[in-house]
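Data first, discussion second: the structure below is written as C-alpha cells.
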Amino acid sequence: MNTNKHFSDRIDWTLASLLILFMIASVLAISSAQTTGQYAAVGTNFAIRQGMIYIVGFVLIGMMMYFDMDQYRKMAWFLYGFGIVLLVGLLVLPESIVPYRNGAYSWYNFPVIGTLQPSEFMKTFTVIVLARVVASHNEAFVNRDLKSDLWLLVKIGLVSGIPLVLINEQPDLGTMLVFVAITVGIILVSGITWKLLLPTFSSVAVVASTAIYLVLFRRDLMERFFEDYQLRRIYSWLDPYSYASGDAYQLTTAMSAIGSGEIFGKGYQDRQVYVPDNHTDFIFAVIGEEYGFIGASIVVSLFFLLIYHLTKVALETKSQFNVYVCAGVISMITFHVFQNIGMTIQLLPITGIPLPLISYGGSSLIGTLFALGLLFSMKFHHRTYMFSSEDED
C-alpha cells in the first residue's frame, strides 16, 4: 500500500478551487444586495459575515479531513440521533429559544452565535446514515432478491421518514423536499431492482399528475382539502401577475430584475429593481440583474462543474459507502440549485430554499460545507496499492 503521498497531494484542490470561486461570487453578490434601502437600518455587513462563515467552514473541512470515511460510518447513528434530538427540540422548547420566524419553528436562537437551523445539518446526517444502511444491507445480502430489496426499501423509508415527519411539524415544505431528493438519489444507486422502483415511482407520478389536474381544472375540490393560504401560494406561482401586490410580489420583482439584466447586466451595484430579502433566497435575481445572462450562466456553470466533480469522485471510489454518500450529497446540492433558480424564474413554486454556497446564511452554508467535507475526507484518505491496476479503499 502506498502511503508516501505528500500532504498537499492528498487534498482535493479542484474542489477547493471551486469553493473559493463560490466564495468570491457569494460575497460580491451579497455586498451588492445589501445596498438597497431595507438594509440601511440593520447595521450588519452581511458580505463580511458571509466571508467569515466561509472561513469557519474551511476550518471545519480541515478538521473533518482528520477522520476517514470508516470513522464517519461508525459515527452515522450517533450523528443521526443527535440531529433527531435537535429537531425534536424545535417542537418542545419555549419560543424564547425557538422563535417563530417566516411561518415556521425551524431555528434555535442563541445569545452569542445567533440562529441555528438544525435541519441544514440533519440533511448530511441523513446522507451518512442512509449510506451506512444501504452499504450494510448490500454486504449482508450478497445474493439479492425481491424480498431483500423490499426490506431495504422499507429501512430507507423508516430512516428518512422520521426527520420528514419532524420537519413537517415545523412546518418547512422546502426542506422536506430536499430530504425526499436525498432519499430518491440514494435509492436510485442502491441496487434495488426496478421491479420495485418502477411501480413505486409510477404511483408517485400518478398522484402528482392528479394533483396537477386538480390544481389547474378543479379548484373547487382543492378548496375542500387545503387552506386558503396554501392555495394562494400555488395560484400565485401559476399566475403571478394576478397576485403581484401580495403573494407573488417577490416572484414578479425577481423575474423583472433578471429580465432587466438582459445579456450583459447593468453592472456591479447598479440595480433598479427592488427585491425584498434578496441577499438570501433571491440572490440569483441580483446576479441576473447586475451581470445578465452571461453572469448567471457563469454561476450555473460553476454548479455544473461542482456536480461533475462530485460525480467523478463517486465513480472513482471503490467503497460502496462512499458512493452512497456522494449520491446523497449530489442529490442534495442538485435539488437546491434546481429549486432555487427555478423558483426565481417561475419554473417552480417558491419554497424558501437558498442557493447553496451563494445565498447568505450561516446554517445553510456551514451545512453544505460540512457535506462537502466528506468528499475532502475521501480524497485525503484515498489509498493506492502497489500491485494493483486499480485504486481501492
Side-chain angles (χ1 to χ4, degrees), residues 22 25-26 29 33 102-104 106 117 119-124 126-127 160 163-164 167-168 170-188 201 204-205 207-208 211-212 215 230 233-238 240 247-255 257-258 275-288 296-297 299-308 310-311 327-361 363-365 367-369 371-372:
F22 274 114
S26 176
N102 299 328
S106 300
Q117 188 174 5
S119 60
E120 293 295 337
F121 302 95
M122 189 63 197
K123 295 172 187 176
T124 305
T126 303
V127 167
S160 59
L164 275 173
I167 292 170
N168 181 60
Q170 295 178 11
D172 189 347
L173 176 61
T175 302
M176 287 177 61
L177 294 175
V178 177
F179 277 85
V180 172
I182 291 170
T183 304
V184 171
I186 293 179
I187 286 176
L188 289 176
F201 291 146
V204 173
V207 173
I212 292 173
V215 167
Q230 295 173 320
R233 174 171 290 189
I234 296 173
Y235 291 111
S236 65
W237 162 54
L238 296 174
D247 294 280
Y249 179 71
Q250 279 189 305
L251 175 57
T252 54
T253 54
M255 290 193 295
I258 294 172
V275 182
D277 297 322
N278 54 2
H279 68 306
T280 54
D281 298 343
F282 285 88
I283 194 71
F284 191 75
V286 176
I287 296 171
S297 297
V299 171
V300 172
S301 297
L302 281 178
F303 282 113
F304 174 81
L305 291 174
L306 175 63
I307 299 302
Y308 171 78
L310 299 184
T311 304
V329 174
I330 291 169
S331 300
M332 179 183 75
I333 294 177
T334 301
F335 182 83
H336 262 275
V337 174
F338 186 71
Q339 171 63 38
N340 180 272
I341 295 178
M343 75 181 190
T344 61
I345 58 176
Q346 202 194 350
L347 183 63
L348 294 170
I350 296 174
T351 57
I353 291 180
L355 187 60
L357 303 172
I358 301 290
S359 293
Y360 173 79
S363 297
S364 173
L365 179 55
T368 304
L369 293 177
L372 294 175

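Throughout, numbering of the chain's residues begins at 1 and tracks the sequence.
Ile283 has its side chain out of reach of Asn278: every pair of non-hydrogen atoms, C-beta onward, lies at least 4.5 Å apart. Counting only heavy atoms from C-beta outward, the side chains of Phe22 and Leu365 never approach each other to under 4.5 Å. Between Leu348 and Ile341, every side-chain heavy-atom pair lies at or beyond the 4.5 Å cut-off.
For Tyr360, the ring pair (Phe, Tyr, Trp, His ring centres under 6.0 Å) test picks out Phe46, His279, with sequence neighbours left out. For the side-chain hydrogen bond (donor to acceptor under 3.5 Å, both in side chains) test, no residue two or more places apart in sequence or in another chain qualifies with Thr126. Checked against side chain to side chain contact (heavy atoms under 4.5 Å, CB included), Tyr308 has no partners two or more places apart in sequence or in another chain. In terms of the side chain to side chain contact (heavy atoms under 4.5 Å, CB included) criterion, residue partners of Ala371 (sequence neighbours excluded) are, by chain and number, Thr124, Val329, Met332. With sequence neighbours excluded, the residues that form a side-chain hydrogen bond (donor to acceptor under 3.5 Å, both in side chains) with Gln170 are Ser106. Shown here are the ring pair (Phe, Tyr, Trp, His ring centres under 6.0 Å) partners of Phe121, two or more places apart in sequence or in another chain: there are none. The side chain to side chain contact (heavy atoms under 4.5 Å, CB included) check on Thr334 picks up Ile307, Ile330, with sequence neighbours excluded. The side chain to side chain contact (heavy atoms under 4.5 Å, CB included) check on Ile350 picks up Leu251, Phe282, Met343, with sequence neighbours excluded.
Between the side chain of Ser359 and the backbone N or O of Pro354, no donor-acceptor pair lies under 3.5 Å. Side chain of Gln250 to main chain of Pro276: a donor-acceptor pair is present (N/O by atom type, distance under 3.5 Å, no hydrogens or angles). Under a 3.5 Å cut-off, the side chain of Thr252 and the backbone N or O of Ala248 do form a donor-acceptor pair.
Interatomic distance, Ile353 CD1 to Thr280 OG1, rounded to the nearest 0.5 Å: 13.0 Å.
For residues 335-357, no pair satisfies ring-ring contact (aromatic ring centres under 6.0 Å, His included), with sequence neighbours left out. The side-chain hydrogen bond (donor to acceptor under 3.5 Å, both in side chains) pairs that include a residue from residues 340-354 are Gln339-Thr351, where partners are two or more places apart or lie in different chains.
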Please tabulate, one pair per line, all N/O donor-acceptor pairs under 3.5 Å involving side-chain atoms of residues 173-188, not counting sequence neighbours.
{"from": "Thr175", "atom 1": "OG1", "to": "Asp172", "atom 2": "OD1", "distance (Å)": "3.3"}
{"from": "Thr175", "atom 1": "OG1", "to": "Asp172", "atom 2": "OD2", "distance (Å)": "2.7"}
{"from": "Thr183", "atom 1": "OG1", "to": "Phe179", "atom 2": "O", "distance (Å)": "2.9"}

